[in-house]
Structure formats: structure tokens, C-alpha cells
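Numbers restart at 1 for each chain; the letters A, B, ... are given by sequence-line order, proteins then strands.
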Protein chains: 2
Amino acid sequence: MNKHLLDQFLTDLKPSGLSLMKGEHLFLQGDQVEYFCFLKTGKIKLIRHTVEGGQALIHVALAGETFAEASLFSNAFHCSAIAVSASEIMRYKKSDLLSYLEQKPAAMKGLLRMFAQQVRDLRTVNEIKNIRSAKERIVTFVSNEMNEDNELCLSMPLKDVAYKIGMTHETFYRELKKLEQAGVLQRGDGYLKLL
Amino acid sequence: MNKHLLDQFLTDLKPSGLSLMKGEHLFLQGDQVEYFCFLKTGKIKLIRHTVEGGQALIHVALAGETFAEASLFSNAFHCSAIAVSASEIMRYKKSDLLSYLEQKPAAMKGLLRMFAQQVRDLRTVNEIKNIRSAKERIVTFVSNEMNEDNELCLSMPLKDVAYKIGMTHETFYRELKKLEQAGVLQRGDGYLKLL
DNA sequence: CGAGTCGTTGAACGGAATCAATCGTCGTGG
DNA sequence: CCACGACGATTGATTCCGTTCAACGACTCG
């Protein structure tokens, strides 16, 4: 989430904090939407219950993400949110946020920009997932996410990175090692560096 | 794209049409952003040129999509847009669109809603791509996209659907056939139906 | 009529998933 | 404080399924 924007919302809207233990739910499908949420730490899965009684995984929100954005524009949630691990959430009252945005075009524009960025990032990851070769997939991903120093700072465990780019963590570790041995990549504590 | 919103933009902003032949570019990386574009028909690929001289595929925009949304908030394009097949584009002058949005919060809210929906859809597809089994992937995708009658109307060739869910068209055809033979799915002209 | 593309099918291969086991670390509660 | 559980990280062996390459028919469009 755009830090600047978040800060502004913080001071203007006074969000409330909330902690969840693993397994607890933040909201359930069908619940009225009262808050717009931002995940500070932890991991939350969004699942949709199908008519047949099954479940479909919609998304796994990781630390630093907003989620269920579409809920801003609907009365009830279309999916359930369950903590995969202990999580801290920051939430803005939906009605407050909406009226605030209405009054302040600059803020709305900021949110629009954030969503646009979100769309772009998702498209990129989406395309990365179409790369069949695990090695190429990793290199492309790191190339996209790294900063000017060719470094990618990790805000989540490697396991989650693997999931994000659509491969099993086993394969991910193996390929990382190969890349490191080949001298293409360097691993450090909390970062990956492309050489 | 939200049809209602598009219609409103249409009447209020008088977009200009544009046709591209296969291989022609709409804009190149580094170009100034003058228009916000909507793809009516055809297919457009967005590629980013890397420092090493290589190319990275960012996204393949299909009929009915907007693309390069983030360009609304930057001065220059960060990627190039090239027509994969003959395409028709509708474009709105960026400055017009921005000032229009500024003046009309309702329109901006509409766009925000559209982006939010976009994010949700992308997340769903993203998660679908994490399903390893081709069969399950197809069934899940159709389940998500179909209407109340369990029908999915196709706005694009099957080949593109296959690409969208991250599998080769060969596998897609094969699995479709299996599903049809198993009586799970029905194929018709321009639609898929789940039984 | 020929070029181009979608749709379809076949055969063979390879690489990633899968299952399984181990180690280290961190936090927690008795 | 230590034992325990939970989880991330790591490595090995095996299997399988989707990719790849290839070829062909149908259809549209210029």
C-alpha cells in the first residue's frame, strides 16, 4: 500500500487496530461490510463457499496488502476471511472512508492510483506465472521486483514468495540453490540479489 | 469494463477511435502519456524492454479491457504496446479524463469501483493459476466466470482462454474433451456450460 | 486461391509436483 | 529453564502430467 496515502488516512480517519489468532475469521461470506481492511502483519486467506458446499481459495493476503477491495462497493462480503497465521489488521470504517473520499478528491485520486498500481502488479505476477520454467520464472520475478541495486528485500518468508509466483517451496529452494551455484544470484538474510 | 461507466465517458468525453494493424505499436516505452486507452477488439501485448536489451512480456490485453492503467498517473509509458492482431482502440485524452474526474467525484468513484473489480478478478485468476491439475483449473475457472445458468459466454477464442488460465491450448482442448466425455461440461458455439 | 489462424489430435520427453524425512529456530507454557 | 510443538528451510527419490513438437483439417479474409 502506498505509504504516503496510508499515513494520510491514518491521521484523518483514525483507523482501529485488531488482532486475530490463527484460525479466527475476520468476516464471513454474507456479512455486512462495515470496514475496509489493511493487513499489517500475518497472513489471511479469502475463501468463497460454493453452492455445493465446497470451498474455493480466492486469495491469500500477505503482510502489507489491502484485501477485499471490491467490498468497498458492495453491502455484503462475497467471501470469508480467515487468519492463516496470527495477524494484525488496521481497519477503516467504510462509511467514514467513503464520505471522506467523496469530500476529498485528492484522496480518492490517491486511492485510484493505488488500485492502478495494484492492477499493474497483479498483471505482472500473472504473466510471470505463465512462464513454464521455474528458473526463468524466478529470475523474471526478481528482475521485476528488485530495486536499483539489483536487490529484492523480502517482506515475507521464502515459502510465501514461492506461493506468490505459483510454485512449490521445494522447487523454489532447489532452483534458488542452482542459481546461486551458477553465480547468477546471491542470497542473504532477508534479500535476494541478482548479479 | 463497466459498461455503464464507459457509456458515460463516451458521451461526456468524446473519445477518438483508432485502428491498428497487426504488428503496429500503439505507444512505445518512454513515450509521453497522452491518452487513456480501451481495447474494443483485437489483442495487444505490453512488453517492457530491459536494460540488457531483452524483452519481458507484461500483459496481453484482450478485447474489452483497459490497459496500462498506471499510465494515468505517470508522464511516460513504462512499456510498449504492440498489436498482436488487428485491433480497434478507443482512447480518451488523459488531461481531459483527469480534469473530468477531478470535477466529478461520481465518475472517479465509478472508475475506482472498476479498478477494484479488476483487482478482484486478477486475484481470482492468479489463484486459479496456482491449481496444478489442468482439469481442476478449468472447472474452477468456469465456475467462477459463469452466469446463473452455469454458462460461460466466450468473448474470445478458446486459445486465448487457455492462455488466460496459464495453460497451452493443446492441453486445454484435450481436457475440455475429457470433461465433455465425462459429462461434466458441455461445449457450444461461443459458450461453455457446466452440468 | 493462398495465407493465416483456430481447433484438434498424436507421440515422446522432461521437469516440476509429490511424498517423505530431517534440521534449526522460535515461542510458549508447564 | 527445558520440553514441546509449530513452522520455515532443505534435500532426496519417484512419479506423472502437462509441455513440446509436429502434422492436419476447417474456416475466414483479402
Side-chain angles (χ1 to χ4, degrees), chain A residues 19 21-24 41-45 60 62-63 83-88 128-141 154-182 185 187-192, chain B residues 19-24 41-45 60 62-63 83-88 128-141 154-182 185-192:
Chain A
S19 291
M21 298 307 298
K22 175 183 170 178
E24 288 184 315
T41 63
K43 199 192 299 189
I44 291 198
K45 67 174 173 183
V60 178
L62 304 174
V84 177
S85 58
S87 303
E88 288 176 278
I128 283 176
K129 285 190 180 177
N130 276 9
I131 300 174
R132 321 288 176 193
S133 153
K135 196 201 306 180
E136 282 305 309
R137 190 132 100 246
I138 294 174
V139 172
T140 307
F141 173 72
L154 303 170
S155 58
M156 56 183 117
L158 290 176
K159 209 181 177 186
D160 289 344
V161 177
Y163 185 83
K164 188 172 175 185
I165 61 178
M167 79 180 65
T168 59
H169 56 278
E170 292 100 323
T171 310
F172 189 56
Y173 294 134
R174 277 190 256 267
E175 294 300 325
L176 273 187
K177 186 193 244 184
K178 279 192 206 166
L179 286 169
E180 203 172 10
Q181 283 170 352
L185 191 129
R187 283 184 59 177
D189 197 40
Y191 72 93
L192 297 177
Chain B
S19 291
L20 288 183
M21 299 306 299
K22 175 183 170 178
E24 286 184 316
T41 63
K43 198 191 306 188
I44 290 197
K45 66 175 173 182
V60 178
L62 304 174
V84 176
S85 59
S87 303
E88 289 175 280
I128 283 176
K129 285 190 181 179
N130 276 10
I131 300 173
R132 322 289 177 192
S133 152
K135 197 202 303 179
E136 283 305 308
R137 189 132 100 246
I138 293 173
V139 172
T140 307
F141 173 72
L154 303 169
S155 58
M156 56 183 113
L158 289 176
K159 210 181 176 185
D160 289 343
V161 177
Y163 184 83
K164 188 172 174 185
I165 60 177
M167 81 181 61
T168 59
H169 56 278
E170 293 98 324
T171 310
F172 189 56
Y173 294 135
R174 278 190 256 267
E175 294 300 325
L176 274 186
K177 187 194 244 183
K178 279 191 204 166
L179 286 169
E180 203 171 11
Q181 284 170 351
L185 191 130
Q186 195 182 338
R187 281 184 61 177
D189 197 41
Y191 73 92
L192 296 176

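Under 4.0 angstrom from either OP1 or OP2 of C/dT5 there lies at least one side-chain N or O belonging to B/Lys22. At the phosphate of D/dT11, OP1 or OP2 sits under 4.0 Å from a side-chain N or O atom of A/Lys177.
Comparing D/dT19, D/dA9, C/dA20 against the side chain of A/Glu170 picks out C/dA20 as the nearest. For B/Ser133, the listed nucleotide lying nearest its side chain is D/dG18; candidates were C/dG4, C/dA17, D/dG18. The listed nucleotides are C/dT8, C/dA17, C/dG4; the one nearest the side chain of B/Arg187 is C/dT8.
No contact: B/Lys135 has no heavy atom under 4.0 Å from any strand. Across all strands, A/Ser85 comes closer than 4.0 Å to no nucleic acid atom at all (heavy-atom distances).
Nucleotide D/dG8 holds its C1' atom 10 Å from the NZ atom of A/Lys43, rounded to whole Å. If you take NZ of A/Lys159 and P of C/dC23, they are 18 Å apart, rounded to a whole angstrom. Atoms CZ (B/Arg132) and P (C/dC19) sit 12 Å apart, rounded to a whole Å. A straight line from CG of A/Asp160 to C1' of D/dG8 spans 10 Å, rounded to a whole angstrom. Atom pair A/Leu176:CG and D/dG8:C1' shows a separation of 14 Å (rounding to whole Å applied). The nearest whole Å value for the distance from the CG atom in A/Leu192 to the P atom in D/dA9 is 11 Å. Note: NE2 (B/His169) to P (C/dT9) measures 13 Å, nearest angstrom.
Both A/Lys178 and B/Tyr173 sit near DNA chain C, but only B/Tyr173 has its closest nucleotide nearer the 5' end. Ranked by how close their nearest DNA chain D nucleotide is to the 5' end, A/Arg174 and B/Thr168 are led by A/Arg174.
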